[in-house]
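Step one of this worksheet: look at the structure below.
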Amino acid sequence: MAAPGENLRINGDRLWDTIHEIAKIGPGIAGGSNRQTVTDEDGEGRKLFQKWCEDAGLSMGVDQMGTMFMHREGTDPDALPVYVGSHLDTQPTGGRYDGVLGVLAGLEIVRTLNDMDIKTKHPIVVTNWTNEEGTRYAPAMMASGVFAGEFTQEWAYDKEDAEGKKFGDELERIGWKGDEVVGDRKMHAFFELHIEQGPILEAEGKDIGVVTHGQGLRWIECTVTGKESHTGSTPMPMRKNAGRGLAQITELVHKIAMDNAPNAVGAIGQVNVYPNSRNIIPGKAIFTIDFRSHELDTLNRMVERLYAEAPKLCEELGVCLEHEIVGQFDPPAFDEGCVKAIRDAAERLGYSHKDIISGAGHDACWINKVAPTAMVMCPCVDGLSHNEAEDISKEWSTAGAEVLFHAVVETAEIVG
Ligand code: HGY
Ligand code: MN
Ligand code: MN
């Protein structure tokens with residue numbers, strides 16, 4: 001496949017303006033975004049994205065998990081499309097770029113191809129995967145997981161949020177439950193641009209991350225049960241404090257990750273204590289452990305050690321522990337051909353680059369199971385993400401989108 005000329009560039013200003021236009025929908029309280037999956041704000045953001053795509057001549061398909069597929073014709077209708085995208089849903093206190101950059105960079109590729117009247121043999125499909133974040137409804141990368149056959153649609157539809165609302169009902173309520181059977185679409189390749197969400201690229205002064213692998217993930221939901229009683233009148237030796245189980249498992253998770261450093265991380269991000277009253281000893285604590293490593297055996301060892309040590313801790317405290325895996329995927333290795341297209345594009349375009357392992361999970365991690373897949377990363381300020389202060393430069397956004405552009409267009413094969 002002929003590589004695109006190094007003069008083939010995107011309109012970085014237009015991409016930057018588009019990113020900040022959609023950020024007006026579901027704004028956070030501190031300058032970031034709060035456009036959680038299948039909320040009204042998510043629905044509004046989808047509508048704006050649909051308008052932009054249709055204005056660019058794309059036709060829309062939506063599957064039964066609400067994932068949006070925006071199709072640009074190729075010259076060979078029988079050729080499998082090259083997919084490019086990410087996610088428009090955000091964390092409750094998310095940044096403006098996590099996911100959004102990757103979807104809108106896909107739109108910018110189409111806009112640029114239209115401007116230059118460039119045709120490709122393979123169609124190009126810009127994709128917005130539903131519920132990548134997994135915050136309102138676990139697990140993360142939910143729709144791409146159903147697409148890759150990892151979860152059933154019924155299981156996903158039945159997931160409930162903190163208010164007991166089911167995912168499937170909310171998807172229908174916002175009017176984005178499509179008719180396409182999830183996973184029926186076949187892909188020639190899938191590319192995703194994403195901010196690094198870590199400090200490496202910025203610290204090393206690199207414009208581009210060529211993502212060769214991702215970390216595997218285990219989300220373990222724990223329920224520690226003790227006994228509610230008066231914080232004032234219950235003698236200390238009689239207490240069954242579920243909060244102490246939470247505290248000691250929090251420390252254990254940290255210790256397990258540190259003992260497997262530098263190729264492991266662990267924390268507890270979501271915590272609910274019941275009844276959460278100032279003068280009642282917590283009778284129950286429900287929380288989710290997030291373990292990650294790019295080494296599968298390390299990841300499995302971390303989980304085994306948790307299963308061995310956490311129940312003992314709880315027994316000594318007089319409380320009991322139940323746990324269940326609510327999200328998991330093994331460390332992905334991305335397609336070498338697609339990874340090479342990205343590395344060559346960075347080289348051709350004169351951007352500094354380094355091979356990198358993705359610390360965060362992405363839809364590409366699941367799609368990698370069903371199609372040749374790879375990711376491009378750009379730096380983010382202080383490596384900060386999942387924080388409203390998440391920030392990138394226009395230069396980084398442009399560089400990432402241009403490398404994505406070249407990898408997509410080379411794979412889709414320019415015609416004429
Ligand atoms: O959890 C993750 O890694 C992703 O940001 N959803
Ligand atoms: Mn993301
Ligand atoms: Mn995220």
Side-chain angles (χ1 to χ4, degrees), residues 19 22-23 26 28 32-38 42 45 67 84-106 127-146 148 150-151 156 159 190-198 209 211 213-221 257 264-270 288-294 299 325-332 356-368 373 375-380 383-392 397 400 404:
I19 288 169
I22 203 167
S33 292
N34 179 8
R35 207 173 40 246
Q36 297 181 59
T37 193
V38 295
D42 182 18
T67 295
V84 55
S86 190
H87 62 93
L88 292 174
D89 68 300
T90 76
Q91 289 282 333
T93 53
R96 298 176 163 215
Y97 311 100
D98 173 357
V100 175
L101 173 65
V103 176
L104 299 182
T127 308
N128 168 31
W129 295 103
T130 301
N131 189 22
E132 188 280 341
E133 291 294 356
T135 306
R136 186 183 175 197
Y137 295 99
M141 297 94 79
M142 184 194 261
S144 50
V146 175
E150 293 299 319
F151 317 123
K159 295 299 251 179
F190 174 68
F191 290 94
E192 180 170 4
L193 165 63
H194 206 287
I195 60 172
E196 180 197 340
Q197 298 180 297
V211 186
H213 299 78
Q215 286 199 118
L217 167 149
R218 297 290 184 269
W219 277 3
I220 304 156
E221 184 175 277
V265 291
I268 292 173
Q270 185 184 61
T288 302
I289 296 167
D290 182 327
F291 273 146
R292 308 201 192 192
S293 172
H294 72 274
L299 190 58
I325 293 256
V326 293
Q328 61 178 327
F329 60 87
D330 291 346
I356 192 169
I357 290 167
S358 173
H362 302 285
D363 294 308
C365 297
W366 281 138
I367 303 308
N368 186 51
T373 296
M375 293 188 72
V376 189
M377 279 191 173
C378 76
C380 52
L384 187 65
S385 182
H386 285 196
N387 181 309
E388 291 207 46
E390 175 186 282
D391 196 10
I392 66 173
S397 158
L404 182 75

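In listed order, ligands and their atoms are each counted from 1.
- The minimum heavy-atom distance linking L88 with G45 is given by the pair CD1-O, 4.5 Å.
- For T288, the side-chain contact (heavy atoms from CB on, under 4.5 Å) test picks out W219, E221, Q270, V326, with sequence neighbours left out.
- With respect to the Mn ion (ligand 3), H386 has NE2 as its nearest N, O or S atom.
- With Q215 contributing its side chain and G359 its backbone, the two residues share a donor-acceptor pair below 3.5 Å.
- A donor-acceptor contact closer than 3.5 angstrom is absent between the side chains of E388 and T93.
- In plain terms, the two heavy atoms of F329 and R218 that are nearest each other are O-NH1, 3.2 Å.
- For the Mn ion (ligand 2), the neighbouring protein N/O/S atoms at less than 2.8 Å, given as residue and atom, are H87 NE2, D98 OD1, H194 NE2.
- Side-chain atoms of D98 and H194 include a donor-acceptor pair closer than 3.5 Å.
- Using a heavy-atom distance under 4.0 Å as the criterion, the protein contacts of ligand 1 are E132, E133, A140, R292, A360, G361, H386.
- For the pair P139/K159, a side-chain contact is recorded, criterion being any heavy-atom separation below 4.5 Å from C-beta on.
- The two atoms that bring C365 and P332 nearest to each other are SG-CG, 3.8 Å, heavy atoms only.
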Run the ring pair (Phe, Tyr, Trp, His ring centres under 6.0 Å) check on W366 and F151 step by step: do they pass?
-> CA-CA 11 Å; W366 281 138; F151 317 123; 5.8 Å; yes
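- Taking S397 as the reference, L15, W16, I19, L101, I392 meet the side-chain contact (heavy atoms from CB on, under 4.5 Å) condition, with sequence neighbours excluded.
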